[in-house]
Amino acid sequence: MSSQARALPAPAGLESSHDKDRWRHILRQQRCGQHPHPDAGHSPACEALMEHALQAVEGMGTIAAYVSVGNEPCTRLLLEHLEVEDRVVLLPVLGPHLSRCWGRFTGTADLAERAPGRPPEPGGDPLPAEAVADVDALLIPALAIDRAGNRLGQGGGWYDRVLPLRREGALVLAMVYDDELTPSPLPTEPHDQRVDAVITPEQWFLLKRSVFASGS
């Protein structure tokens, strides 16, 4: 763990913007141009993200995570490692009537695209959204994180709905690339949920009392 991360300037044109869609558009373009995921196999960034995520959740028995798609910070290697360790892992699934649910990860071979446009999901009966109350930590995706721990997500609102259901003390870790840590306050709404820590290819750190959060 480190506390040495420093914020990089916000992408051009976003320094004072409060338009979430504009932030998302530019950040997606930046991610596509600067952090493409290999068509096959994994990059050194994927391996580094796995190593830092494993450090962050060391000793934790039950974890909520996500299956990365496209150029998102990669979780595929992490899931493979957690499978070997036989840890309990919950992944987002789309339940009955488009409800937000969880599925028990039983192995990469069981992951499949079970709904158009959705990340791969595990099979088996879905667990209710409230199952997140059983996890020790949540590894969640983001497009950017600011110094206050505000997170800009993809816009679906999944985590803003399920994070309030977590138990007290459960750690929320956002996975981003290092140039997605911004000193500019991200546009927020009352329902937005903050994160406790950040995982990047270079390091992982708790936001509280970090160099990044203090701006020093």
Side-chain angles (χ1 to χ4, degrees), residues 1-56 65-81 92 113 117-120 138-159 172-188 192 194-207 210-216:
M1 180 174 65
S2 171
S3 62
Q4 300 307 306
R6 295 181 182 274
L8 296 174
L14 292 179
E15 296 88 347
S16 60
S17 174
H18 299 287
D19 185 338
K20 281 189 174 184
D21 288 337
R22 178 167 173 75
W23 272 90
R24 290 187 181 104
H25 176 71
I26 292 179
L27 287 166
R28 285 169 181 149
Q29 286 187 321
Q30 174 180 288
R31 184 173 278 186
C32 183
Q34 298 185 23
H35 307 290
H37 192 279
D39 292 333
H42 294 282
S43 68
C46 301
E47 303 226 4
L49 284 163
M50 176 196 70
E51 291 172 2
H52 295 146
L54 288 173
Q55 292 170 12
Y66 69 98
V67 183
S68 57
V69 294
N71 299 319
E72 286 186 312
C74 181
T75 63
R76 303 290 183 124
L77 286 175
L78 171 65
L79 290 174
E80 290 176 11
H81 201 99
E113 185 178 307
R118 291 280 305 154
L138 297 94
L139 306 178
I140 67 175
L143 286 168
I145 300 293
D146 70 14
R147 284 175 168 156
N150 294 309
R151 163 188 170 270
L152 185 70
Q154 294 287 359
W158 176 282
Y159 291 99
V172 181
L173 303 106
M175 299 187 73
V176 294
Y177 296 105
D178 296 275
D179 56 1
E180 294 167 346
L181 300 171
T182 174
S184 301
L186 291 168
T188 59
D192 289 335
R194 292 182 178 181
V195 304
D196 304 306
V198 177
I199 297 170
T200 79
E202 287 191 7
Q203 62 193 313
W204 84 271
F205 61 95
L206 295 170
L207 280 164
S210 70
V211 170
F212 172 58
S214 68
S216 59

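Hydrogens, waters and symmetry mates play no part in the numbers below; they use all other heavy atoms, side chains included. Residues take their numbers from the sequence shown, with the count starting at 1.
Residues passing the side-chain hydrogen bond (donor to acceptor under 3.5 Å, both in side chains) test with Glu80, sequence neighbours excluded: none. The side-chain contact (heavy atoms from CB on, under 4.5 Å) test applied to Gln29 returns His25, not counting sequence neighbours. For Tyr177, the ring pair (Phe, Tyr, Trp, His ring centres under 6.0 Å) test picks out His35, with sequence neighbours left out. The side-chain hydrogen bond (donor to acceptor under 3.5 Å, both in side chains) search around Arg76 returns none, not counting sequence neighbours. Legend: residues meeting side-chain hydrogen bond (donor to acceptor under 3.5 Å, both in side chains) with Asp192, ordered by chain and number and at least two apart, are Lys20. His42 pairs by the ring pair (Phe, Tyr, Trp, His ring centres under 6.0 Å) definition with His37, not counting sequence neighbours. Not counting sequence neighbours, the partners of Asp21 by the side-chain hydrogen bond (donor to acceptor under 3.5 Å, both in side chains) test are Arg24.
A distance-only check finds no donor-acceptor pair linking the side chain of Arg151 to the backbone of Ile145 [under 3.5 Å]. Between the side chain of Ser68 and the backbone N or O of Thr75 there is at least one donor-acceptor pair closer than 3.5 Å. Panel note: side chain Asn150, backbone Arg194; no donor-acceptor pair is recorded below 3.5 Å. Formation of a donor-acceptor pair under 3.5 Å by the Asp146 side chain with backbone atoms of Leu186 is found in this model.
Scanning both residues, Pro92 and Trp158, for their nearest heavy atoms gives CB-CZ2, 3.2 Å. The heavy-atom pair separating Gly153 from Leu143 by the smallest distance is O-CD1, 3.6 Å. Tyr66 and Leu79 get closest at one heavy-atom pair: O-CD1, 3.9 Å. The shortest non-hydrogen separation linking Cys32 to Asn71 is CA-ND2, 3.5 Å. In plain terms, the two heavy atoms of Pro185 and Trp23 that are nearest each other are O-CZ2, 4.4 Å.
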(message) Using side chain to side chain contact (heavy atoms under 4.5 Å, CB included), reason through Leu181 and Val198 one step at a time and then give a plain yes or no.
(response) CA-CA 9 Å; Leu181 300 171; Val198 177; 3.8 Å; yes
(request) Could you check Leu207 against Asp196 for side chain to side chain contact (heavy atoms under 4.5 Å, CB included), going step by step and ending with a plain yes or no? (result) CA-CA 6 Å; Leu207 280 164; Asp196 304 306; over 6 Å; no
(message) Go through it in stages, so that I can follow the logic: the residues are Leu152 and Leu27, the test is side chain to side chain contact (heavy atoms under 4.5 Å, CB included), and I'd like the CA-CA distance, side-chain angles, deciding distance and then a yes or no.
(response) CA-CA 10 Å; Leu152 185 70; Leu27 287 166; 3.7 Å; yes
Atom pairs and distances, side-chain donor-acceptor, residues 47-54, under 3.5 Å, sequence neighbours left out:
| from | atom 1 | to | atom 2 | distance (Å) |
| --- | --- | --- | --- | --- |
| His52 | ND1 | Ala48 | O | 3.2 |
| His52 | ND1 | Thr200 | O | 2.9 |
| His52 | ND1 | Pro201 | O | 3.4 |
| His52 | ND1 | Gln203 | N | 3.4 |

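For the atom pair CD of Gln154 and CD of Glu72, the computed distance is 5.5 Å after rounding to the nearest 0.5 Å. Summarising the geometry, atom CZ belonging to Arg147 is positioned 6.5 Å from atom CZ belonging to Phe212; distances are rounded to the nearest 0.5 Å.
Annotation: salt bridge (charged side-chain N to carboxylate O under 4.0 Å, His left out) contacts involving residues 28-39, sequence neighbours excluded, comprise Arg31-Glu180.
Here the side chains of Val69 and Pro120 are in contact, with some heavy-atom distance below 4.5 Å. You'll find the side chain of Leu138 stays beyond 4.5 Å of the side chain of Val195, heavy atoms only.
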